[in-house]
Amino acid sequence: MELLHINEKTGANYVLLELNGTINNYTALEFQTKLWGNIKTTNVVLDLSQIDEIDSTGVGTILAGFNDGKEAKKKLYIMNPSPAAREALEDTGFASLFDFIHSVTEVV
């Protein structure tokens, strides 16, 4: 069974979720809880540099977080996506919606 490790850090105007592993139907619940719980009150940065795979459930969770943030006037940032993470986002056709950054210093 795949695993997902989530490390949460708080910045001045954002929460950073450092994700390591696989985001899929089996691992998405904790990720969903953390993302959706934070995006309504602050900007969220998803560090996807250590992601091995994202399935449609994971992409759907990210997209729902993006939409929740938009409603709350908060931003969802994708930081340094791994090749697998970038491919999963691009394959959906929704990659252009996201703000891709290289560092948390780019959060506005």
Side-chain angles (χ1 to χ4, degrees):
M1 182 167 159
E2 299 91 2
L3 294 176
L4 177 66
H5 299 283
I6 303 171
N7 187 26
E8 184 175 332
K9 296 179 180 177
T10 303
N13 63 339
Y14 64 88
V15 168
L16 169 65
L17 298 178
E18 296 174 323
L19 306 169
N20 185 321
T22 300
I23 306 172
N24 61 24
N25 191 46
Y26 301 105
T27 64
L29 184 59
E30 181 184 7
F31 170 54
Q32 175 182 316
T33 301
K34 288 188 179 287
L35 173 57
W36 295 359
N38 284 302
I39 195 68
K40 294 175 183 168
T41 59
T42 190
N43 299 310
V44 173
V45 177
L46 299 179
D47 180 351
L48 302 182
S49 62
Q50 299 300 311
I51 289 297
D52 301 321
E53 178 186 354
I54 301 178
D55 73 1
S56 59
T57 301
V59 172
T61 300
I62 294 170
L63 190 56
F66 171 83
N67 290 331
D68 286 352
K70 193 172 180 181
E71 287 179 16
K73 297 186 178 11
K74 303 299 177 191
K75 288 187 122 183
L76 176 66
Y77 296 90
I78 307 292
M79 187 168 75
N80 299 324
S82 68
R86 183 174 286 278
E87 181 179 348
L89 295 172
E90 288 176 353
D91 284 350
T92 64
F94 294 116
S96 62
L97 294 176
F98 301 112
D99 290 306
F100 289 90
I101 62 174
H102 298 288
S103 168
V104 292
T105 59
E106 297 176 60
V107 175
V108 290

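Since this is a predicted model, take the numbers as computed values, not measurements. Quick note: numbers below take in every heavy atom, side chains included, and nothing from hydrogens, waters or symmetry partners.
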Where at least one partner belongs to residues 86-104, residue pairs that pass salt bridge (Lys or Arg N to Asp or Glu O under 4.0 Å), sequence neighbours excluded: Lys75-Asp99, Arg86-Glu90
Excluding Leu16, membership of its hydrophobic cluster (Ile, Leu, Val, Met, Phe, Trp, Tyr; side-chain heavy atoms within less than 4.5 Å) reads Tyr14, Val45, Tyr77, Met79, Ile101, Val104, Val107, Val108
Measuring from Leu46:CG to Leu19:CG, what's the distance to the nearest 0.5 Å? 6.0 Å
Side chains of Leu35 and Leu76 in contact at under 4.5 Å (non-hydrogen atoms): yes
Which atom of Thr27 lies closest to which atom of Ile23, heavy atoms considered: OG1-CA, 3.4 Å
For residues 7-34, the salt bridge (Lys or Arg N to Asp or Glu O under 4.0 Å) pairs (sequence neighbours left out) are Glu8-Lys34, Lys9-Glu18
Test: ring pair (Phe, Tyr, Trp, His ring centres under 6.0 Å). Region: residues 30-65. Which pairs qualify, not counting sequence neighbours? none
Quick check: closest heavy atoms across Pro81 and Ala85, and the distance to 0.1 Å? CB-CB, 4.0 Å
State which residues pass side-chain contact (heavy atoms from CB on, under 4.5 Å) with Ser103; sequence neighbours excluded, sorted by chain then number. Thr105, Glu106
Looking only at non-hydrogen atoms, find the nearest pair between Ser82 and Ile51 and report the distance. OG-O, 2.7 Å
If you measure from CG on Leu48 to CG on Asn20, what distance do you get to the nearest 0.5 Å? 11.0 Å
What pairs of residues pass the ring pair (Phe, Tyr, Trp, His ring centres under 6.0 Å) test when at least one of them lies in residues 86-108, not counting sequence neighbours? Phe66-Phe98
Nearest heavy-atom approach of Ile39 to Gly65 is CG1-O, 3.5 Å
Residue pairs passing the side chain to side chain donor-acceptor pair (under 3.5 Å) test with at least one member in residues 39-53, sequence neighbours excluded, are Asp47-Ser49
